[in-house]
Amino acid sequence: MGSEAPRPVDRRRRCREGERVSEAEETRDGVALTNLDQPLSDRDDATKRDLVDYLDAVRDRILPQLRDRPLSVIRVRPGQPPFMQKNLPRYTPDWVRRVPVWAEASHREIAYALCDDRRTLLWFANQRAVEFHPTLATAADLHRPTHLVLDLDPPEGDGFGAAVATALLVRQALADVGLAGAVKTSGAKGVHVFVPVADEPTAEELAAATRALAVRAERLDPALATTAYIKEDRGGRVFVDATRAGGATVAATYSPRLRPGLPVSFPVDWADLPEVTPADFTIRTVPSLVAGADPWAALMPAPQPLPADLVAEGRAIPVARVQAMHEGKRRARARRQTG
């Protein structure tokens with residue numbers, strides 16, 4: 001299919017938004033690519049071409065992680081702070097698939113993209129979309145996530161080793177209830193553990209099981225891991241984040257992250273996890289690592305049913321965000337009373 005020339009109103013809008021409009025320097029799969037040799041951001045020496053080339057090189061690996069899942073992206077423009085885009089802009093081409101999702105927080109319907117093919121991926125790359133954050137559920141049923149995810153967030157500084165040690169606690173907690181997962185670097189400073197689920201659990205059931213597993217991992221080594229949602233309560237420990245459920249998103253496997261050197265969220269064999277660092281996987285190193293195979297597909301276990309007793313256990317654990325909200329209000333009242 002050929003590319004469509006942008007309408008005049010689209011060009012004016014793009015100029016107002018600060019995006020420089022120029023003639024196409026190259027066309028791939030019908031997508032006009034512009035300003036390819038401009039710096040991507042002020043964080044490193046990568047260009048927009050580097051981003052486009054990377055995403056195109058790994059398209060057969062990243063597209064299966066994005067397909068049929070409502071997508072949020074983090075975009076960056078020169079001289080402007082990065083921003084997350086959920087709702088597609090009006091100048092989005094008609095051939096980009098989309099799905100309407102009701103947002104309770106803003107009380108409106110949001111048009112999310114479905115990045116299903118190379119053409120759409122290249123269009124996002126040309127829009128300077130660096131990070132790709134799909135939902136854990138597909139558009140077919142947003143109330144039934146396909147994976148349980150624990151996001152391990154170490155404290156500030158060089159805490160990746162602590163995140164790795166915590167991932168091994170999570171692995172043990174999974175094994176204790178008969179489950180298995182795959183692990184990847186987050187591409188930032190942490191680690192993600194994914195567990196594919198069978199029998200289509202509801203978002204509520206999956207969230208409960210996630211909370212139970214987080215608490216079980218914390219109990220294995222409370223000096224290392226914590227489920228404390230309030231940052232000041234973590235005491236330098238790794239946060240076992242059990243909130244990646246329901247409509248939550250997570251950085252896709254093979255997605256770049258907007259960090260110096262443009263690291264990539266990358267799958268790692270459990271046995272190799274203690275030996276790697278996030279800097280091992282960047283937009284420059286990853287294409288050769290995935291040229292012959294998809295390590296995420298190879299490492300991912302088969303979908304597993306959630307144990308009913310694990311779900312029941314999790315239902316007795318307060319939801320972290322709700323608990324933190326009430327605790328914050330309590331502390332604010334205490335400060336006012338003593339102030």
Side-chain angles (χ1 to χ4, degrees), residues 1-63 65-67 70-98 110-134 187 251-252 254-264 282-287:
M1 297 175 65
S3 62
E4 298 178 4
R7 294 170 294 180
V9 64
D10 292 340
R11 292 177 65 86
R12 290 195 297 271
R13 183 180 297 112
R14 291 164 67 190
C15 289
R16 286 199 301 271
E17 292 178 352
E19 181 182 348
R20 178 183 168 190
V21 178
S22 68
E23 295 299 320
E25 298 172 11
E26 186 178 331
T27 299
R28 301 188 199 179
D29 206 2
V31 178
L33 305 172
T34 59
N35 303 319
L36 290 175
D37 295 323
Q38 279 189 356
L40 185 62
S41 73
D42 57 4
R43 295 170 183 251
D44 52 46
D45 60 356
T47 65
K48 183 177 171 182
R49 182 184 297 277
D50 293 327
L51 174 68
V52 170
D53 286 346
Y54 168 76
L55 289 171
D56 204 14
V58 303
R59 63 183 184 272
D60 291 339
R61 305 294 177 245
I62 194 171
L63 283 173
Q65 313 309 317
L66 307 178
R67 187 169 290 121
L71 179 66
S72 301
V73 295
I74 294 181
R75 295 173 56 191
V76 61
R77 294 194 183 108
Q80 299 183 31
F83 63 97
M84 176 166 277
Q85 175 184 291
K86 299 181 179 182
N87 205 19
L88 282 171
R90 293 181 180 178
Y91 57 80
T92 303
D94 293 340
W95 43 261
V96 173
R97 282 187 66 211
R98 63 204 73 196
I110 292 179
Y112 281 87
L114 298 175
C115 188
D116 295 343
D117 52 34
R118 181 193 185 203
R119 193 182 190 193
T120 304
L121 185 66
L122 287 170
W123 181 80
F124 270 115
N126 195 56
Q127 295 292 306
R128 296 174 179 267
V130 177
E131 298 192 12
F132 292 75
H133 295 250
Y254 309 121
S255 171
R257 303 302 301 273
L258 198 54
R259 304 289 193 279
L262 288 180
V264 168
T282 72
I283 64 168
R284 292 176 173 83
T285 64
V286 164

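FYI, side chains are in, hydrogens and waters are out, and symmetry mates aren't considered; it's all heavy atoms of this structure. Computed from a predicted structure; not experimentally measured.
No side-chain heavy atom of His133 sits less than 4.5 Å from a side-chain heavy atom of Lys86.
Between Arg259 atom CZ and Thr282 atom OG1 the span is 14.5 Å, to the nearest 0.5 Å. To the nearest 0.5 Å, the span separating CG on Asp29 from CZ on Arg118 amounts to 5.0 Å. Residue Tyr112 holds its OH atom at 11.0 Å from CD of Gln85, rounded to the nearest 0.5 Å. Atom-to-atom distance recorded for Asp60:CG and Ile62:CD1 is 11.5 Å, nearest 0.5 angstrom. Distance check, rounded to the nearest 0.5 Å: CD1 of Ile74 to CE of Met84 gives 4.0 Å.
Legend: residues meeting side-chain contact (heavy atoms from CB on, under 4.5 Å) with Pro287, ordered by chain and number and at least two apart, are Tyr54, Ala57, Val58. Asp37 pairs by the side chain to side chain donor-acceptor pair (under 3.5 Å) definition with Arg49, not counting sequence neighbours. Contacts of Ser41 classified as side chain to side chain donor-acceptor pair (under 3.5 Å), with partners at least two apart in sequence or in another chain: none. Legend: residues meeting side-chain contact (heavy atoms from CB on, under 4.5 Å) with Asp116, ordered by chain and number and at least two apart, are Arg67, Asp68, Arg97, Leu114. In this structure Asp50 satisfies the side-chain contact (heavy atoms from CB on, under 4.5 Å) test together with Ala46, Thr47, Ile283, Arg284, sequence neighbours excluded. Residues that satisfy the side-chain contact (heavy atoms from CB on, under 4.5 Å) test with Ala125, not counting sequence neighbours, are Val52, Leu55.
Scanning both residues, Thr34 and Lys48, for their nearest heavy atoms gives O-NZ, 2.8 Å. Of all non-hydrogen atoms in Leu66 and Cys115, the two that sit nearest each other are CB-O, 3.5 Å. Here the closest heavy-atom approach between residue Ala113 and residue Val96 is recorded as CB-CG1, 4.3 Å. Counting all heavy atoms, side chain and backbone alike, Leu33 lies closest to Asn126 at CA-OD1, 3.3 Å. Pairing each heavy atom of Asn35 with each of Arg128, the nearest pair is O-NH2, 4.4 Å. Here the closest non-hydrogen pair linking Pro134 and Leu71 is N-CD1, 3.8 Å.
With hydrogens and angles disregarded, a donor-acceptor distance shorter than 3.5 Å links the side chain of Arg75 to the backbone of Gln127. Judged purely by atom type and a 3.5 angstrom limit, Asp56 has no side-chain atom pairing as donor or acceptor with the backbone of Leu122. Between the side chain of Ser255 and the backbone N or O of Phe132 there is at least one donor-acceptor pair closer than 3.5 Å. Panel note: side chain Gln65, backbone Ala252; no donor-acceptor pair is recorded below 3.5 Å.
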With side-chain contact (heavy atoms from CB on, under 4.5 Å) as the criterion, how do Thr92 and Arg98 come out once you've worked through the C-alpha distance, each side chain's angles and the decisive distance to 0.1 Å?
CA-CA 10 Å; Thr92 303; Arg98 63 204 73 196; 3.7 Å; yes

For side-chain contact (heavy atoms from CB on, under 4.5 Å), just list the numbers for Arg77 and Gln38, CA-CA rounded to whole Å, side-chain angles, deciding distance to a tenth of an Å, and then say yes or no.
CA-CA 10 Å; Arg77 294 194 183 108; Gln38 279 189 356; over 6 Å; no

